[in-house]
Number of protein chains: 2
Amino acid sequence: MLSWEERRSLVKIANLYYNDGWTQEQIAKKLGVSRPVISKSLQKAREHKIIEIFIKDETVHTVNLEKKLEEHFGLEDAVVVPISGQTPDVVKLSVAQAGAYYLSKNIKKAKKMGISWGTTLEALVQEYPYEMKKNITIFPLEGGLGRKKVEIHSNQLAYELAKRLGGTCSYLYAPAMAESSELRERLMKMDDINAVLQEAATVDIALVGLSNPYVQSTLEDIGYLNQNDLEQLRQLGVVGDMGFRFFDLNGNPVNSSFNKKVIGISLEQLRNIKKVIGVVSGAHKAESVLAALKGNYINVLVLDEQIATELLYASE
Amino acid sequence: MLSWEERRSLVKIANLYYNDGWTQEQIAKKLGVSRPVISKSLQKAREHKIIEIFIKDETVHTVNLEKKLEEHFGLEDAVVVPISGQTPDVVKLSVAQAGAYYLSKNIKKAKKMGISWGTTLEALVQEYPYEMKKNITIFPLEGGLGRKKVEIHSNQLAYELAKRLGGTCSYLYAPAMAESSELRERLMKMDDINAVLQEAATVDIALVGLSNPYVQSTLEDIGYLNQNDLEQLRQLGVVGDMGFRFFDLNGNPVNSSFNKKVIGISLEQLRNIKKVIGVVSGAHKAESVLAALKGNYINVLVLDEQIATELLYASE
DNA sequence: AACTATATAGAACATATGTAAAAAAGGAGG
DNA sequence: CCTCCTTTTTTACATATGTTCTATATAGTT
């Protein structure tokens, strides 16, 4: 316990230092002591909570969540977007914007970049500013998905993003899912396809979405998965996918019948990319994200407050 | 005004620096920028009051005053803020900070909280840190006061505080003072209004300001009381008010013509709330506070040294 | 597309702060 | 009154921070 005398002195020093902006040297001179005494007094005042430093901003909460996510899952970066009572659509847009911002700040040195597919990434690309950074090539990470909703296909997103960056893009002229494993094999032997996939596996940055195939899934929406398929996936223990590659609770690849038909990079390959940025919105995806994190596929996560909270809660 | 991204980044840096004790160098490395950027960010954060340094200035003198106030008026707690030669504005801010600090340390178990109106409470709310304590609801204790100075209205303060606590709030969609007692009756019969007032009367904690209607009164400033009104109040022996409820020297409610027009909780109801925290600054309010204490409306008092001294002197 | 104006980041320097070890001061026991 | 021990202060050094000036990037304009 400090004496009142000492307390008074600490308060005085703290005031001169923090409120009046004096240097420790000046304070020392005024009080006729050496500078280290002032330095130590200030430390003591902090220890005894005579000086308290508050960080006061609405973003404090989400920034704390970010830090916890980074520590807990060994992420390079996490960006948590506040939901503040907004509808899922608005939140999704905010997440996309935050993703676009993050990307634009971190794309500097990248020469090659890959992009997956989906509605979240589509929104991200649309939000991306035109900034004419030459010398970048964007690669699609999977093939196309038929004629519906072309604007969310990997190829299309690669093209749009390249346009905004002033760079170029490659196309993967193949379906994301071949009709048979045999057809896939044949397509994979084609140079145009093979070369692009090889390159896609060696990008500096990959931008991916994540999905939960069972809830509000775009794959189901566009007719790629029917109830039977879903039942099959469920039986195999699938909890999520990234670019048609399904994984289980622990993030291990699940060898479904789809797996042999998919034309796109594998989970293994994805894991080897230095910087994989996952962009996710919607609480129903929490379980899928958790599994992907366990599988170590993701280095950077851009997500909404709600998923962030659930991830941390689930992994207590 | 700073963008969301920038504020987020400043908060992140401030957190690492002030809470986690990282050096600027370490932070710079982590974020991939040069050290001066961090130095400048911290300066910016200080300028924008994202970082606030609070010096808890308690001396023998103020602690003694607190103890005496507690004993003499049977208070649960008293917090006396030293004036140390500061201007009234600075003192008011210190009182508001102390109030915010006290509240944040004592709000833990509260599920429902009420808040009155006024410039002191506004400052308190602005000083309150964002801390995301879910499961609390804030209720306004009175209606609104016209179009002027909306930021000090009970409704607005309830909203702002709820935002900082991560909780929810109710609104009282009614004027603080109806044009006639007849209109008041009709409004009071409306479910939306009635229900909120009912709830407001059962909060765990109420945060109130006190005023002296005759000196530097905000009520007069915003045109709610004119000279005639004041004369009338004087004749009735009014020495202060809390939330438009006027009381006399002994703290007894005064049945002025206003009383029947006010939409807000009554002094009786206020007295029944377990923990009523009064936050007051400015010597001219000493008499009003004394009366309120006599009326037993207040359990905790946060005030400046000067009022504290006068209260004790007056009640020797 | 080229230019200018404006902002921003980084390198290098200047200053301020933190800390270990030596010196001095204070205090207790002989 | 001295000696030894403890505590505090100071000196000198190591680090960390703030600042200026230059280089670079960005935005706006013709």
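- For dT9(D), the base has no donor-acceptor partner in the side chain of Lys40(A) [N/O atoms by modelled type, under 3.5 angstrom].
- Of the residues in residues 25-37 of chain A, those placing a heavy atom less than 4.0 Å from an atom of DNA chain C are Arg35(A), Pro36(A), in numerical order.
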message: Applying side chain to side chain contact (heavy atoms under 4.5 Å, CB included) to Ile55(A) and Ile50(B), what does each step give before you reach the verdict?
response: CA-CA 6 Å; Ile55(A) 296 171; Ile50(B) 286 174; 4.1 Å; yes
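- OP1 or OP2 of dT17(C) has at least one side-chain nitrogen or oxygen of Tyr17(A) nearer than 4.0 Å.
- Every residue was checked against the salt bridge (charged side-chain N to carboxylate O under 4.0 Å, His left out) condition with Lys68(B), not counting sequence neighbours, and none meets it.
- Residues satisfying the ring pair (Phe, Tyr, Trp, His ring centres under 6.0 Å) criterion with Tyr173(A), sequence neighbours excluded, are Tyr171(A).
- Under the rule for a salt bridge (charged side-chain N to carboxylate O under 4.0 Å, His left out), Lys12(A) has no partner lying at least two apart in sequence or in another chain.
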Dump every N/O contact between nucleotides 6-8 of chain D and the protein below 3.5 Å, one line per pair.
none

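- Residue Leu42(A) contributes atom CG, which lies 16 Å from atom C1' of dA16(D) at whole-angstrom precision.
- The side chain to side chain contact (heavy atoms under 4.5 Å, CB included) search around Thr168(A) returns Thr137(A), not counting sequence neighbours.
- Screening residues 56-84 of chain A for ring-ring contact (aromatic ring centres under 6.0 Å, His included), with sequence neighbours left out, gives no hits.
- Rounding to whole angstrom units, CD1 of residue Ile13(B) and P of dG18(D) are separated by 13 Å.
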task: Quick one, give me the B/S/- string for nucleotides 25-30 of chain D, reading 5' to 3', where B means a protein heavy atom under 4.0 Å from the base and S means that only happens at the primed atoms, P, OP1 or OP2.
output: ------
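- Applying the side chain to side chain contact (heavy atoms under 4.5 Å, CB included) test to Lys274(A) and every residue at least two apart in sequence or in another chain returns Asp204(A).
- One can place OH of Tyr18(B) at 13 Å from C1' of dT17(C), the figure rounded to the nearest angstrom.
- For the ring-ring contact (aromatic ring centres under 6.0 Å, His included) condition, the pairs that include at least one residue of residues 93-118 of chain A, sequence neighbours left out, are Trp117(A)-Phe244(A).
- Between Glu70(A) and Lys67(A) there is no salt bridge, since no side-chain nitrogen of the basic residue lies less than 4.0 Å from a carboxylate oxygen of the acidic one.
- In this structure, Ile38(A) atom CD1 and dT15(C) atom P are separated by 21 Å, rounded to whole Å.
- OP1 or OP2 of dA16(D) has not a single side-chain nitrogen or oxygen of Thr23(B) nearer than 4.0 Å.
- Asp89(B) meets the side chain to side chain contact (heavy atoms under 4.5 Å, CB included) test with Thr87(B); sequence neighbours excluded.
- Applying the 4.0 Å criterion to OP1 and OP2 of dG18(D), one finds that Ser39(B) has a side-chain N or O inside that range.
- In this structure, Gln24(A) reaches the dG18(C) phosphate: one of its side-chain N or O atoms is under 4.0 Å from OP1 or OP2.
- Applying the salt bridge (charged side-chain N to carboxylate O under 4.0 Å, His left out) test to residues at least two apart or on different chains, the pairs with a partner in residues 35-46 of chain B are Glu6(B)-Lys44(B).
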